[in-house]
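Before any comments, here is the structure.
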Amino acid sequence: DVSSARDALTFFFSPDGAVLREFLLDEVTESVDALNRDALSQVAFRVGLQGAQMPPLLRALAPPLSDRDRQVVDNISRLLEFLLGDYNSARPTGGSAASRARQAEQLQALLPVLAEYNDQMRQFGLQIFTRLAEKQTSRAFQWARAQIDGSGDMGHRAPARF
């Protein structure tokens, strides 16, 4: 209901919701990172770059996905779009026609509440993108360090988490 959604968003974006926001920020970032790595791997595959043919830097920036990564990719991408204000991405995707219609009506009723938190949701989305950029920068620097140190191609390893 609209009142519950407003209460939840009020809590989420309040100082009391900081721990939950941080947890969700970590989870969303990890999941979107997996989505990006998978997309990069798919593009490389489609243009004929597989295994050893893939440039080492590209392998370093897109380490293989784990099973957990694959599980959350679809849901998290919709959540990120939603947090950035694309409410159409959260539209119902399954169930009967009546169920989808009811879900669409509920979402439509929530739009004014969501609009109240548009700035906070956009800021949260930008924090996600910042962390993603940090992850890729870290991977690139680790790859470069491995090349300079002569320790070989780290493209097969996931970079250390900071």
Side-chain angles (χ1 to χ4, degrees), residues 5 7-91 93-94 107 110 113-162:
D7 290 345
L9 288 170
T10 298
F11 171 77
F12 185 77
F13 290 114
S14 74
D16 291 336
V19 171
L20 178 60
R21 274 194 317 278
E22 186 65 26
F23 171 76
L24 189 55
L25 184 59
D26 286 342
E27 289 298 308
V28 169
T29 301
E30 291 295 322
S31 300
V32 172
D33 178 59
L35 177 66
N36 289 338
R37 291 183 349 244
D38 188 49
L40 187 57
S41 296
Q42 291 297 321
V43 168
F45 179 78
R46 287 184 183 188
V47 299
L49 297 176
Q50 301 170 14
Q53 295 174 332
M54 189 180 296
L57 177 58
L58 191 56
R59 284 195 308 255
L61 293 176
L65 298 183
S66 69
D67 290 338
R68 181 180 181 274
D69 291 334
R70 286 185 185 90
Q71 279 182 330
V72 296
V73 164
D74 289 335
N75 289 335
I76 218 65
S77 63
R78 284 199 316 237
L79 177 61
L80 181 61
E81 290 169 350
F82 175 79
L83 290 170
L84 291 172
D86 180 5
Y87 306 127
N88 289 329
S89 68
R91 67 184 174 277
T93 57
L107 182 60
L110 291 175
V113 175
L114 297 174
E116 292 174 28
Y117 291 92
N118 191 45
D119 290 341
Q120 292 95 327
M121 289 192 300
R122 186 169 304 279
Q123 182 62 35
F124 188 73
L126 291 174
Q127 289 175 323
I128 293 167
F129 284 120
T130 299
R131 288 200 182 179
L132 289 169
E134 290 170 354
K135 282 179 148 310
Q136 289 297 71
T137 302
S138 174
R139 286 184 184 125
F141 278 126
Q142 287 181 15
W143 176 83
R145 184 181 63 215
Q147 300 309 301
I148 292 168
D149 292 345
S151 58
D153 174 24
M154 62 130 318
H156 65 281
R157 295 182 304 187
R161 185 171 177 173
F162 294 110

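E134 is linked by a salt bridge (charged side-chain N to carboxylate O under 4.0 Å, His left out) to nothing, counting only residues two or more places apart in sequence or in another chain. Considering only residues two or more places apart in sequence or on other chains, F141 meets the side-chain contact (heavy atoms from CB on, under 4.5 Å) condition with T137. The side chain to side chain donor-acceptor pair (under 3.5 Å) check on Q42 picks up nothing, with sequence neighbours excluded. Residues passing the side chain to side chain donor-acceptor pair (under 3.5 Å) test with T10 are Y117, sequence neighbours excluded. The side chain to side chain donor-acceptor pair (under 3.5 Å) search around Q127 returns none, not counting sequence neighbours. Remark: R37 pairs with D33, D69 by the salt bridge (charged side-chain N to carboxylate O under 4.0 Å, His left out) rule, at least two apart or across chains.
Taking both residues in full, the closest heavy atoms of R21 and F124 are given as O-CE1, 3.6 Å, listed atom of the first, atom of the second, then distance. Scanning all heavy atoms of the two residues, the minimum distance from L61 to A140 falls at CD2-N, 3.8 Å.
In this structure, CG in L132 is found 9.0 Å from CD in E30, a value given to the nearest 0.5 Å. Atom CZ in F11 sits 6.0 Å away from atom CG in L20 (nearest 0.5 Å). One distance of note links CE of M121 with CG of L9; it measures 6.5 Å at 0.5 Å rounding. Distance OG1/T29 to CZ/F129: 10.0 Å, rounded to 0.5 Å. Once rounded to the nearest 0.5 Å, the distance linking OG of S14 with CG of D7 reads 11.0 Å. Considering CG of L25 and CZ of R131, their distance stands at 3.5 Å, rounded to 0.5 Å.
Within the 4.5 Å cutoff, side-chain heavy atoms of S138 are placed close to those of Q142.
A donor atom on one side chain and an acceptor atom on the other are found under 3.5 Å apart for R139 and Q136.
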